[in-house]
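Numbers restart at 1 for each chain; the letters A, B, ... are given by sequence-line order, proteins then strands. In this text, all values refer to a predicted model and were calculated from it rather than measured experimentally.
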There are 2 protein chains.
Amino acid sequence: MNTLTRRQREFLQREQLFLDAARQILRSDGVAAFTIDRIAGNTEYAKGTVYKHFTCKEDILCALCHESLVHLGEAFSKALTFPGNSRERMMALGTAYLQFTTRFPEEFDILIAVRTNNVRQKASEKRVEAMIAADQGAHDVMRSVIGAAIAAGDLTLPTTTSLDEACFGLWAMAFGLLALAPANDVIDSLELPSIPIIMVNQMNLLLDGYGWRPLSTEFDYQQTFARLLKHMETLQ
Amino acid sequence: MNTLTRRQREFLQREQLFLDAARQILRSDGVAAFTIDRIAGNTEYAKGTVYKHFTCKEDILCALCHESLVHLGEAFSKALTFPGNSRERMMALGTAYLQFTTRFPEEFDILIAVRTNNVRQKASEKRVEAMIAADQGAHDVMRSVIGAAIAAGDLTLPTTTSLDEACFGLWAMAFGLLALAPANDVIDSLELPSIPIIMVNQMNLLLDGYGWRPLSTEFDYQQTFARLLKHMETLQ
DNA sequence: GTCAAAGCGTGACGATACGTCACATTTTGC
DNA sequence: GCAAAATGTGACGTATCGTCACGCTTTGAC
């Protein structure tokens with residue numbers, strides 16, 4: 001039993017069609033080719049119809065971002081099927097994030113772009129809120145992992161640090177690494193290992209800073225990472 | 001004795017004039033108002049003249065970004081006039097970065113935008129290279145601080161971690177925090193302290209992870225931070 | 001089954017901004 | 001003092017955004 005009329009369902013389906021087309025264009029031809037006319041053309045609808053769904057270009061960007069965040073949240077949930085101790089499960093989230101950004105760099109570009117004020121101001125309030133909610137969803141998964149670690153006695157946060165703050169800090173570290181990494185490929189003068197290795201190393205250091213047991217000196221997280229990559233493959 | 005002719009000097013001066021105008025527009029009216037016509041209008045030159053200096057809009061963005069990075073590098077150098085142990089000096093850099101982004105959020109928006117591929121591809125090679133060089137300059141300051149810490153025996157990097165990687169990791173953490181912070185102001189459901197406090201806490205955790213002596217358990221870095229803010233004010 | 005009202009799709013149109021170029025003006029060097 | 005080179009100009013062509021009045025389709029009342 002569907003409470004929506006056929007027309008309403010068609011409307012939602014078309015919205016999805018537009019978003020799929022937009023994502024397709026973005027993935028194959030990059031941000032430069034991302035125009036409303038192109039979306040309309042590829043879907044064989046008129047430009048005006050696209051604007052029946054979205055207030056402006058940035059609105060579409062936010063909608064895509066929303067979808068991406070939902071996907072990321074799902075990837076997080078899937079990653080948690082990995083069996084292991086609390087810290088290994090946190091690493092599973094990091095690995096999922098890493099895979100997401102390497103697989104869909106254009107989409108990560110949007111996630112970065114949406115951070116700037118310009119986009120957020122232009123997009124409709126509705127979309128921005130949905131986006132924030134999806135962001136929250138992914139955060140919640142991470143929070144649950146941290147919470148479980150505390151409950152299990154693997155982690156004791158400093159009295160000055162809230163769970164939210166720990167979550168935010170970890171997120172920011174991962175985001176920073178993944179956002180800066182591509183640009184630093186260009187800088188030849190830096191002697192850097194590959195992004196995945198940096199990711200594992202830096203996560204290890206930060207989690208050691210938190211005193212999240214077992215510490216990297218007590219446990220082989222490199223091996224965990226290798227197993228994680230395999231585990232992810234079986235999922236995808 | 002100047003080796004340049006008057007004309008050449010005038011040319012360089014005008015380029016600076018354009019950049020100053022561009023930055024002014026950006027600061028006062030945001031990215032949306034940032035147009036070539038506006039820059040030309042404000043400087044009382046024709047649009048064509050602007051294009052004698054820059055290949056495209058993104059080229060100007062890169063030039064601005066270059067300047068910003070130079071300023072940031074200078075702010076770093078100034079921050080190092082703060083007397084203290086090696087880890088306090090690293091905190092001085094973090095504080096300088098924090099102040100830079102809070103004082104000029106629009107410019108930090110550019111620094112974020114320039115991370116996306118789109119901008120880098122459109123801008124001229126010359127500008128992108130200059131930008132990377134400036135980036136490198138700021139990195140070098142940070143590297144020197146880490147190097148000094150190692151030399152002083154305050155820090156011993158794991159054998160698997162190069163100095164460059166440590167530098168990159170710290171940079172990424174700071175960048176991530178500062179890039180995500182404004183957006184998270186919106187998320188009311190998160191219980192987060194103010195950005196400066198998060199910054200200090202997270203830096204403490206990461207540096208503790210590195211085992212950078214004295215550890216945050218052995219030393220009052222909150223007090224260092226307060227002194228740093230005062231010290232920065234006197235510099236300005 | 002019919003028809004009017006409401007809803008929906010359209011693409012031409014106005015506006016804005018980018019980037020170019022042929023021409024006008026100034027400077028340089030002889 | 002003049003020709004050639006360098007420099008400044010702004011109108012123009014192109015692209016894209018976002019709008020809107022018009023025509024077509026669906027709906028539901030009779």
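- The listed nucleotides are C/dC18, C/dT10, D/dC17; the one nearest the side chain of B/Ile36 is C/dC18.
- For B/Lys57, the listed nucleotide lying nearest its side chain is C/dG19; candidates were C/dG19, D/dT9, D/dC17.
- Both A/Ala32 and A/Lys52 lie near DNA chain D, and the one whose nearest nucleotide falls closer to the 5' end is A/Ala32.
- Separating the CG atom of B/Asp37 from the P atom of D/dT9 is a distance of 14 Å, rounded to the nearest angstrom.
- Using a 4.0 Å heavy-atom cutoff across all strands shown, A/Arg14 reaches sugar-phosphate atoms only and no base atom.
- Here A/Thr49 lies in heavy-atom contact (under 4.0 Å) with a base.
- Listed nucleotides: C/dG19, C/dC18, D/dC17. Nearest to the side chain of A/Tyr51: D/dC17.
- Spacing between atom CZ of A/Phe18 and atom C1' of C/dC8 amounts to 12 Å, rounded to whole angstrom units.
- Distance from the side chain of B/Ala46 is smallest to D/dG10 among C/dG19, D/dG10, D/dT19.
- If you take CG of B/Asp59 and P of C/dG19, they are 10 Å apart, rounded to a whole angstrom.
- Figure legend: B/Arg89 and B/Phe82 shown without cation-pi pairing, the cationic atom not lying both under 6.0 angstrom from the six-membered ring centre and within 45 degrees of its axis.
- At the heavy-atom level, A/Phe11 lies nowhere under 4.0 Å from the strands shown.
- A salt bridge links A/Arg38 with A/Asp29: at least one charged nitrogen is closer than 4.0 Å to a carboxylate oxygen.
- Counting to the nearest Å, the P atom of C/dC8 and the CD atom of A/Glu10 are 10 Å from each other.
- Between the CZ atom of A/Phe54 and the P atom of D/dC17 there is a distance of 14 Å, rounded to whole Å.
- Using cut-offs of 30° and 60° on the angle between ring planes, the pair A/Tyr45 and A/Phe18 is perpendicular.
- One finds no salt bridge joining A/Glu58 and A/Arg120 here, because no Lys/Arg side-chain nitrogen approaches an Asp/Glu carboxylate oxygen to under 4.0 Å.
- Counting only heavy atoms from C-beta on, B/Thr35 has its side chain closest to C/dA17 among D/dG18, C/dA17, D/dC17.
- In this pair, A/His139 and A/Trp171 present their aromatic rings parallel. The plane angle is below 30°, not in the 30 to 60° band.
- The nearest whole Å value for the distance from the CD1 atom in A/Ile60 to the P atom in D/dT16 is 14 Å.
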